2 protein chains.
Amino acid sequence: MNSLLSDVRLPLYQRLRDQLAQQIAANRWRAGEAIPTEATLASEYGLSVGTVRKAIDMLVSEHILERQQGRGTFIRRPQFDSSLFRFFRFQSLSGERQVPESRVLVVEPMSAPSAVSESLRLRPEADVIRLLRLRLLESEPVLVEEIWLPREPFEAILDIDLNEQGPLLYPIYEQLCGQVVASADETLTAEPVSDVHGRLLRIAEGSPVVVIERLARDYAGQPLEWRRSRGRASHFRYSVEIR
Amino acid sequence: MNSLLSDVRLPLYQRLRDQLAQQIAANRWRAGEAIPTEATLASEYGLSVGTVRKAIDMLVSEHILERQQGRGTFIRRPQFDSSLFRFFRFQSLSGERQVPESRVLVVEPMSAPSAVSESLRLRPEADVIRLLRLRLLESEPVLVEEIWLPREPFEAILDIDLNEQGPLLYPIYEQLCGQVVASADETLTAEPVSDVHGRLLRIAEGSPVVVIERLARDYAGQPLEWRRSRGRASHFRYSVEIR
DNA sequence: GAGTGGTCTAGACCACTCA
DNA sequence: GAGTGGTCTAGACCACTCA
């Protein structure tokens, strides 16, 4: 029988939630894999099923686990459903939603500028890889993206032709470099476009662009990628409900 | 003993949640008032306390109810904590967060332009009131707001001097017109500023502004106010976490 | 049909509030 | 000390999955 560590003043369901979260971060199970059943966890930890369910409820509402009635409870594969990129109107002429194509313009190893080394929590001037790419819909540029990766686990990116891959980078990180993006923080700002980026997006210098910065992390919370994407403000509309 | 209406195929906690939500919308209790205790609801509806707790849990996570251990469960006063306006950096020079002052420039009755009558769900050209106001921090303009109200419940706004009131309109709506804002939808876009708004915000025409549109509703979901606010993009930074 | 999560109950005991 | 919500248990039965 396992036992719950952590602060004994906390409720049992909270302590179980923390213990499970820690094991998930330590990769005890892979994305898509099932954790033990509620009954198993209950007997392992000497808790009632109700208490185990409450711990799992918390991790489900945090989007870390996913229940499937009759099948089990699974480590959730990251969906990026809530990404701010969803709020760019990337539609084809026929109106259906599409993933923009990718055209990689630059792939280069370099030493990290200070903003990059700070974001990725690397030492100053650490070895990094910089990507510059354009995202297009029906040959129209919709986003310019600058992407920074620590060189160490991502070295293999330098040896392949990214333009022969699909438009999504995260599957490549996973298959080529064994790095899984589990969560991300995004921030949204707006600014007048620079000369260079305006030319790439085919809009006049000074036109408003929406800037989305994203720091992506693995399951342990370790930064994997930092990117800054710019898209035409006229294609962006974000909504929230307030109560 | 009360009985649960609604679809008998739904779980009991879901049906109780719906029934409570309906009574809250129908103003059975005021904001800040307590609903009956869990034990009372359980015996009234012939349910176990566990089932009642699950229904209340749902309404709590929807920010409709608020629990206070030892005191009771209360109708939540709207907080507007999650409003997009929170992401404007409205700080004084000393760095503390402030509610910007309000200077009302225009208060006029008129017939609704089509965008306004559609948003407020009024008939075309219905009588409305238009406000134009500037929000300032230490005499610096930070937001321009256009606000539209249906004339019928808000008539009294025309008879007072809004510049002698505080900067917040919702308490005035409540005290003067008996209208309580319970929820709102907001959308965020960015655009180059017009000549007129640029002059009010003291920025060059064409500089990027963040535009926040808000439709505010009462407890029954009836639209009460539509506003469109513009602020300098350089003062705006919005963050989300993705999993 | 064995195994999973989903719903629901009845009840014990605890922590907190407030007169 | 009476009354509130918070935690936890043990167990029944249901709905769904999958071989």
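Every value quoted in this text rests on a predicted model; they were computed, and no experiment measured them.
- Closest approach of A:Leu224 and A:Leu120 over heavy atoms only: C-CD2, 4.0 Å.
- In terms of phosphate contacts, B:Ser48 brings no side-chain nitrogen or oxygen within less than 4.0 Å of OP1 or OP2 of C:dC8.
- Residue contacts for B:Leu12: at a heavy-atom cut-off of 4.0 Å it reaches the sugar-phosphate backbone alone, with no base atom in range.
- Between B:Glu101 and B:Arg103 no salt bridge is recorded (no basic side-chain N to carboxylate O distance below 4.0 Å).
- Contact annotation: A:Tyr13 does not reach the phosphate of D:dC8 (side-chain N/O to OP1 or OP2, under 4.0 Å).
- Side chains of B:Ser102 and B:Arg135: no donor on one and acceptor on the other come within 3.5 Å.
- Rounded to an integer number of Å, the gap from CD of A:Gln68 to P of C:dG5 is 11 Å.
- Protein atom CZ of A:Arg67 is 16 Å distant from nucleotide atom P of D:dT17, rounded to whole Å.
- Place A:Gly70 and A:Lys54 on DNA chain D by their nearest nucleotides, and A:Lys54 ends up nearer the 5' end.
- By the neighbour-count criterion of 12 heavy atoms within 6.0 Å, atom CZ of B:Arg30 is sparsely surrounded, having that number or fewer from other residues, nucleotides or ligands.
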### Task
Please lay out, stage by stage, how B:Leu10 and B:Arg17 fare under the test side-chain contact (heavy atoms from CB on, under 4.5 Å).
CA-CA 11 Å; B:Leu10 294 173; B:Arg17 179 241 160 251; over 6 Å; no

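- What separates CD1 of B:Ile35 from C1' of D:dG5 is a distance of 11 Å, to the nearest Å.
- Helical stems in DNA chain D, defined as runs of 3 or more consecutive Watson-Crick or G-U wobble pairs with donor-acceptor distances under 3.5 Å: C:1-18 with D:1-18.
- Checking the phosphate oxygens (OP1, OP2) of C:dC8, no side-chain nitrogen or oxygen of B:Thr51 falls inside 4.0 Å.
- Between A:Glu66 atom CD and C:dT4 atom C1' there is a gap of 15 Å when expressed in whole angstrom units.
- Dashed line: the shortest gap from a side-chain N or O of B:Arg71 to OP1 or OP2 of D:dG3 is not under 4.0 Å.
- Within a 6.0 Å radius of CD in A:Gln23, other residues, nucleotides and ligands contribute more than 12 heavy atoms.
- Rounding to whole angstrom units, CD1 of residue A:Ile56 and P of C:dT4 are separated by 12 Å.
- The CD atom of A:Glu38 sits 15 Å away from the C1' atom of D:dT9 (whole-angstrom rounding).
- Side-chain N/O atoms of B:Arg53 include none lying less than 4.0 angstrom from OP1 or OP2 on D:dG5.
- As a whole-Å value, the separation of A:Leu10 CG from C:dC14 C1' is 15 Å.
- Computed from coordinates, the B:Met58 CE to C:dC8 P distance equals 11 Å when rounded to whole Å.
- Set against D:dT9, D:dG6, C:dG6, the side chain of A:Gln69 has C:dG6 as its closest nucleotide.
- Atoms CZ and OG1, on A:Arg228 and A:Thr187 in that order, are 9.0 Å from each other to the nearest 0.5 Å.
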